[in-house]
2 protein chains.
Amino acid sequence: MLNPAAISSHTAHPVHAACMPLRMTSSDPFELLKAHVSVNRRVVREGDRVHQVGQPLEWLHVIHSGSFKTVNLAPDGREQVVGLHLKGDWLGFDGIARGQHTCDAVAMDIGEVWSVSYAALLQASTRVPALAALLHAAMSREMTRERNAMMTLCTLPATARVAEFLRVWVESMSERGLRTDLITLRMTRAEIGKYLGLTLETVSRAFSQLARANVIDFPEKGRRHLSITDPDALSRFVQRSQTDKEDLPRAACVANEPCMVH
Amino acid sequence: MLNPAAISSHTAHPVHAACMPLRMTSSDPFELLKAHVSVNRRVVREGDRVHQVGQPLEWLHVIHSGSFKTVNLAPDGREQVVGLHLKGDWLGFDGIARGQHTCDAVAMDIGEVWSVSYAALLQASTRVPALAALLHAAMSREMTRERNAMMTLCTLPATARVAEFLRVWVESMSERGLRTDLITLRMTRAEIGKYLGLTLETVSRAFSQLARANVIDFPEKGRRHLSITDPDALSRFVQRSQTDKEDLPRAACVANEPCMVH
DNA sequence: CGTGATTTTGAAGCATTTCAACTCTGGTGG
DNA sequence: CCACCAGAGTTGAAATGCTTCAAAATCACG
């Protein structure tokens, strides 16, 4: 869904040739940050909160290592995991609009975040356009990802949702050069369920079903580790769940005069 | 605060006092834009596409009037309405990360958008920090909204989802100073369904149920107009759908040493 | 006024949730 | 060392809620 075979999508893209009237000294976001703003490195352990609902926005954080989840909490007690984040992703954007955070960001294992003052970053990005572009790209990526997640939630049945969840996770690992054959789930079935809008039992059944279909495999007895026997099988599984219900030669989408800008 | 009630939440907030070392000549995003970048105004009619999947990113657009939807289209044919947008919202952020748009933005009625070159905007925002802040705030708002939408989709049953949809819509209208007693739905039941992850029949049943419960009312025979008899009833309806299933005095949330940054 | 699109409503079918029982693992203490 | 327990996961059966299928009513447009 995101990109065909992309590793690049994770670095600071020159969005448009004209947008970057500067020499790209480095396309590595960490180098770029270190070079132009004061960075506070901080090691976190599982369960540590990088930021919390209601806390005034002061810092933005870039994940240097580890995996994190963002959790939304409604006034009426509803709670949902609304995002998963890995190296290179930013945490804290949610707080910019209102000046305070609207969700929690929680470490799912040991990791390191680089924290920068938002005020300082804003200033620095006026001097260093590449910084501004980096920020924009990160926010844009986040929005696109959330939209895709919404689509997954709305259009896919349970098992396909879990398959898609795994596919995207593998894709994320791959983009970062991490191993994708054997992956370790750092979330319980209940947490995955809270992310996918399913109950823990349904998630469990979905895993079992995928394993029976030889799409995934549990190498060890413990069910936290799993191997993706055939990555393409995941995609095919998702697609099949769609084509199965159609089965009708869908009328060609009539282009109703796509009226473009200019 | 310039304006006492509500309208302010839509203007460029000083995110943090320290972030804005400049005189705020204007808190109106339209004034701000007009003052510092070249703006192309454009009137759109229902069905017009402001941008489309695959199109290279060149422009960002600010909605000056009208209502718009963003539509995601998966390679396998799945389609979903992933966002609704009104005056003051931006369109096109999705294209920044990869340099091309990843979704369609479609006008739902007559409206006007202000289009600005992204490259020019990026340059201008280095000279005018308020522009950068405006951009960030708009993106941040969008992310928060999408996350809330995700939560609605994942945690609420069908009727509550429709109620929440109406509540948020009314809230949006209210923030912009528009009338909230009588609202006109510019989407068919099918479209609302595609936004909420429901079938059109379920949406229709939900409306009927809300009308029977006197939460909403159809003043005219046509079902496109509806009045919110009691706005609070909407919220209560959503909350009740939650408390109904709990009914158990949920154990107090133990604060597990919220480890903060600094 | 028709014609087609939209909406409503009913009834049957199906996917997911709910409830419940059981297994497995890892950790703790007798 | 093993009994025991709590947390996590699996699996089955019943219940529920949404979807699907179908038909009729209503609205919109020429």
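Protein chains get the first letters and strands the later ones, always in sequence-line order, with residue 1 at the start of each.
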I'd like to check the side chain to side chain donor-acceptor pair (under 3.5 Å) partners of [X]; sequence neighbours left out, ordered by chain and number.
X	value
A:Arg179	A:Asp181
A:Trp114	A:Glu112
A:Gln209	A:Thr159

**Prompt:** Roughly how bent is the helix from C:dC1-D:dG30 to C:dG30-D:dC1 end to end, in steps of 10 degrees, with each end axis from five pairs?
**Reply:**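 That helix has its two terminal axes inclined by roughly 40°.
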**Prompt:** So, for A:Ile228 and A:Thr180, which heavy atoms are closest and what is the spacing to 0.1 Å?
**Reply:**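 Heavy-atom minimum between the residues: CG1-O, 3.9 Å.
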**Sugar-phosphate, base or nothing in reach of A:Gly193, heavy atoms under 4.0 Å** =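 Contact class for A:Gly193: none.
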**Prompt:** Please, which pairs that meet salt bridge (Lys or Arg N to Asp or Glu O under 4.0 Å) have at least one residue in residues 155-170 of chain B, sequence neighbours excluded?
**Reply:**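 Found B:Glu164-B:Arg167, B:Arg167-B:Glu171.
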Would you tabulate the pairs of protein nitrogen or oxygen atoms and nucleotide nitrogen or oxygen atoms of nucleotides 7-11 of chain D closer than 3.5 angstrom?
{"residue": "D:dG9", "atom": "OP2", "partner": "A:Arg189", "partner atom": "N", "Å": "2.9"}
{"residue": "D:dT10", "atom": "OP1", "partner": "A:Arg189", "partner atom": "NH2", "Å": "3.3"}
{"residue": "D:dT10", "atom": "OP2", "partner": "A:Arg189", "partner atom": "NE", "Å": "2.8"}
{"residue": "D:dT10", "atom": "OP2", "partner": "A:Arg189", "partner atom": "NH2", "Å": "3.4"}
{"residue": "D:dT10", "atom": "OP2", "partner": "A:Ser204", "partner atom": "OG", "Å": "2.8"}
{"residue": "D:dT10", "atom": "O5'", "partner": "A:Ser204", "partner atom": "OG", "Å": "3.2"}
{"residue": "D:dT11", "atom": "OP2", "partner": "A:Ser208", "partner atom": "OG", "Å": "2.6"}

Using whole Å, what does the distance between atom [atom2] of nucleotide [N] and atom [atom1] of [X] come to?
X	N	atom1	atom2	answer
A:Leu196	C:dA15	CG	P	19 Å
B:Glu46	C:dA5	CD	C1'	14 Å
A:Lys194	C:dT17	NZ	C1'	17 Å
A:Leu198	D:dT16	CG	C1'	16 Å

Show every donor-acceptor pair shorter than 3.5 Å between a side-chain atom in residues 147-154 of chain B and any protein atom, with sequence neighbours excluded, or say none if there are none.
{"residue": "B:Arg147", "atom": "NH1", "partner": "A:Glu146", "partner atom": "OE2", "Å": "3.3"}
{"residue": "B:Asn148", "atom": "ND2", "partner": "B:Thr144", "partner atom": "O", "Å": "3.4"}
{"residue": "B:Thr152", "atom": "OG1", "partner": "B:Asn148", "partner atom": "O", "Å": "3.1"}

Under 3.5 Å, which donor-acceptor pairs link side chains of residues 229-238 of chain A to any protein atom two or more places apart or in another chain?
{"residue": "A:Thr229", "atom": "OG1", "partner": "A:Asn214", "partner atom": "O", "Å": "2.8"}
{"residue": "A:Thr229", "atom": "OG1", "partner": "A:Val215", "partner atom": "O", "Å": "3.0"}
{"residue": "A:Asp230", "atom": "OD1", "partner": "A:Asp232", "partner atom": "N", "Å": "3.2"}
{"residue": "A:Asp230", "atom": "OD2", "partner": "A:Arg236", "partner atom": "NH2", "Å": "2.8"}

For residues 189-199 of chain A, dump all side-chain donor-acceptor pairs below 3.5 Å to protein atoms at least two apart in sequence or in another chain.
{"residue": "A:Arg189", "atom": "NH2", "partner": "A:Arg223", "partner atom": "O", "Å": "3.2"}
{"residue": "A:Glu191", "atom": "OE1", "partner": "A:Thr188", "partner atom": "N", "Å": "3.3"}
{"residue": "A:Glu191", "atom": "OE2", "partner": "A:Lys69", "partner atom": "NZ", "Å": "2.1"}
{"residue": "A:Lys194", "atom": "NZ", "partner": "A:Glu79", "partner atom": "OE2", "Å": "3.1"}
{"residue": "A:Thr199", "atom": "OG1", "partner": "A:Thr202", "partner atom": "N", "Å": "3.4"}
{"residue": "A:Thr199", "atom": "OG1", "partner": "A:Thr202", "partner atom": "OG1", "Å": "2.9"}

